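Report on one structure; see the data block that follows.
A, B, ... follow the sequence lines: proteins, then strands. Residue 1 opens every chain. Nothing here was measured: the structure is a model prediction, and the numbers come from that model.
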Number of protein chains: 2
Amino acid sequence: MNAKTAAKLSIPMQMREDCSIKKSMDIIGDRWSVLILREMFLGTNRFADFQRNLGIAKNILSARLQKLEEHRIIEKRPINAETSWNEYLPTEAGEDLLTVLCALIQWGDRWLQDDKAPPMLVVDRQSRKPIDGLMVTRKKRPLKREDIRFWPSARYKTFEQQEAEQYL
Amino acid sequence: MNAKTAAKLSIPMQMREDCSIKKSMDIIGDRWSVLILREMFLGTNRFADFQRNLGIAKNILSARLQKLEEHRIIEKRPINAETSWNEYLPTEAGEDLLTVLCALIQWGDRWLQDDKAPPMLVVDRQSRKPIDGLMVTRKKRPLKREDIRFWPSARYKTFEQQEAEQYL
DNA sequence: CAAATTGGTTTTTATTTGAAACCAATTATT
DNA sequence: AATAATTGGTTTCAAATAAAAACCAATTTG
């Protein structure tokens with residue numbers, strides 16, 4: 001067995017299905033979901049405001065909000081007892097997506113803004129001063145590509161794979 | 001002017017266009033791009049391997065690779081001098097998307113895996129031990145929703161906005 | 001040398017998106 | 001109090017996009 005064959009064996013196809021990136025993309029991997037969440041973090045909560053602020057078609061917005069609700073990323077709840085109107089709020093899982101949005105902001109600020117200042121700042125809620133040192137860290141050091149690799153978890157251990165590992 | 005009016009004034013529509021999340025999503029906001037990048041981080045570099053490992057249609061894969069190349073996230077280069085065949089490699093900007101993928105992994109591991117162990121680990125390249133303490137931090141403390149808010153940068157300062165800020 | 005694989009493109013079909021019309025409930029204006 | 005405007009959608013239809021399949025030339029494997 002050569003190293004190339006070993007590398008192929010070592011990544012189980014099933015892992016590609018189970019993978020959290022894949023599962024996340026099945027939910028938010030479209031043109032609008034992430035922008036809807038950004039809008040929510042900007043303080044938008046009502047249907048018409050999402051529509052106006054994003055320029056999204058109503059039927060698509062409706063479908064996306066439903067999907068996000070089904071997956072418990074947002075919650076739809078009546079604005080008050082009198083009306084039948086609703087507002088949309090992030091659940092705990094939804095709020096936790098802040099990290100993904102921040103990672104996107106940082107990446108985009110670095111690579112897509114043509115040396116211009118970032119258009120949208122992440123600021124401290126109290127002081128409203130920009131948050132510096134915001135990063136994905138690995139034990140207090142920023143994570144670099146060469147530090148890590150992705151690896152199947154123990155649930156995919158097979159004889160062939162264990163055999164293969166010694167070649168890597 | 002009440003607080004609600006102020007809040008609407010304070011977010012310039014232009015910022016929503018310039019925003020790095022929006023710009024990022026214009027490039028990688030589809031069902032496949034992020035998965036193609038994940039595949040690349042798993043060690044896949046050739047057309048047929050992407051296709052097999054992802055189950056993506058060839059024409060779509062072709063289109064996505066081209067788009068990613070245009071935006072300098074990946075690079076297409078000949079495998080060797082003799083053949084016309086290519087391999088696809090991440091650029092510096094592409095490798096930098098690791099943070100976004102890691103944020104997605106962490107989020108998905110927390111919210112989409114039904115109390116099961118994560119299917120794909122982020123491990124140290126040398127020791128192959130899982131990396132712990134990997135997170136989006138704010139000065140060494142994990143970032144929480146209630147810590148921050150998004151805020152337009154100075155380039156959108158207008159009279160109305162400055163007026164509005166005092167109400168927030 | 002023959003067969004299989006790679007790296008695509010082209011054509012056709014199915015799916016998704018978007019625009020517009022429509023409507024009922026609610027709120028604002030005169 | 002009546003009218004107009006806004007909100008929160010759904011439905012219908014056209015346009016754009018994605019997927020499947022057929023096809024092909026270059027390259028590699030048996």
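Sorted by first then second residue, the salt bridge (charged side-chain N to carboxylate O under 4.0 Å, His left out) pairs that include residues 31-45 of chain A, not counting sequence neighbours, are A:Glu39-B:Arg16. Residue pairs meeting the salt bridge (charged side-chain N to carboxylate O under 4.0 Å, His left out) criterion with at least one partner in residues 95-114 of chain B, sequence neighbours excluded, are A:Asp96-B:Arg110, A:Arg110-B:Asp96, A:Arg145-B:Glu95.
Each of A:Ile56 and B:Ile79 was matched to the nucleotide of DNA chain C holding its nearest heavy atom; the match closer to the 5' end belongs to B:Ile79. Between B:Asn80 and B:Gly55, the one whose closest nucleotide on DNA chain D sits nearer the 5' end is B:Gly55.
The phosphate of C:dT26 (OP1 or OP2) has a side-chain N or O of A:Ser84 nearer than 4.0 angstrom. Between A:Arg46 and D:dG8 there is a side-chain polar atom (N or O) within less than 4.0 angstrom of OP1 or OP2. Put simply, B:Tyr88 has a side-chain N or O that comes within less than 4.0 Å of OP1 or OP2 on C:dG8. A close approach under 4.0 Å does occur between a side-chain nitrogen or oxygen of B:Lys76 and OP1 or OP2 of C:dG8. Remark: A:Trp85 is not in phosphate contact with D:dG9, judged by side-chain N or O atoms under 4.0 Å from OP1 or OP2. For A:Ser62, a side-chain nitrogen or oxygen approaches OP1 or OP2 of D:dT10 to under 4.0 Å.
In the set D:dG8, D:dT28, C:dG7, C:dG7 carries the atom at the smallest distance from any side-chain atom of B:Lys58. The side chain of A:Trp32 lies closest to C:dG18 when the candidates are D:dG8, C:dG18, D:dC23. The A:Ala57 side chain lies nearest to C:dA19 when the options are C:dA19, D:dT27, D:dG9.
Shown for residues 35-42 of chain A: no residue has heavy atoms falling under 4.0 angstrom of DNA chain C.
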With the criterion being N/O to N/O and under 3.5 Å, what pairs connect the protein with nucleotides 12-17 of chain D, and how long is each?
none

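Per the geometry, CG belonging to A:Asp26 stands 16 Å off C1' belonging to C:dT16, to the nearest Å. For the pair B:Gln51 CD and D:dA19 P, the interatomic distance rounds to 12 Å; values are reported in whole Å. Rounded to a whole Å, the CG atom of B:Asp30 is 14 Å from the C1' atom of C:dT17. Atom CG of A:Asn86 and atom C1' of D:dT10 are 15 Å apart (whole Å). One interatomic measurement links the two molecules: CD of A:Glu87 to P of D:dG8, which rounds to 10 Å at whole-angstrom precision. Atom CG in B:Asn53 sits about 11 Å away from atom P in C:dT6, given to the nearest Å. Across the protein-nucleic acid pair, A:Met25 atom CE and D:dA18 atom P stand 13 Å apart, rounded to whole Å. When rounded to the nearest whole Å, the span between CG of A:Leu61 and C1' of D:dG9 equals 10 Å.
With sequence neighbours left out, B:Asn45 forms a side chain to side chain contact (heavy atoms under 4.5 Å, CB included) with B:Met40, B:Glu87, B:Leu89. Looking at residues two or more places apart in sequence or on another chain, you find no side chain to side chain contact (heavy atoms under 4.5 Å, CB included) involving A:Ala63.
In A:Arg72, the CZ atom is not crowded: 12 or fewer heavy atoms of neighbouring residues, nucleotides or ligands sit closer than 6.0 Å. The number of heavy-atom neighbours closer than 6.0 Å to CD of B:Gln14, taken from other residues, nucleotides and ligands shown, is above 12.
In this structure, B:Trp151 and A:Pro130 have side chains that are not in contact, with every pair of non-hydrogen atoms separated by 4.5 Å or more. Contact of the A:Ser24 side chain with the B:Leu112 side chain is registered, since non-hydrogen atoms from C-beta on lie closer than 4.5 Å. Between A:Thr44 and A:Ile36 there is no side-chain heavy-atom pair separated by less than 4.5 Å.
Contacts of A:Phe50 with the nucleic acid, taken as non-hydrogen atoms under 4.0 Å apart, are absent.
Using bins of under 30°, 30° to 60° and over 60° for the plane-to-plane angle, the ring pair B:Tyr88/B:Phe47 lands in the tilted bin.
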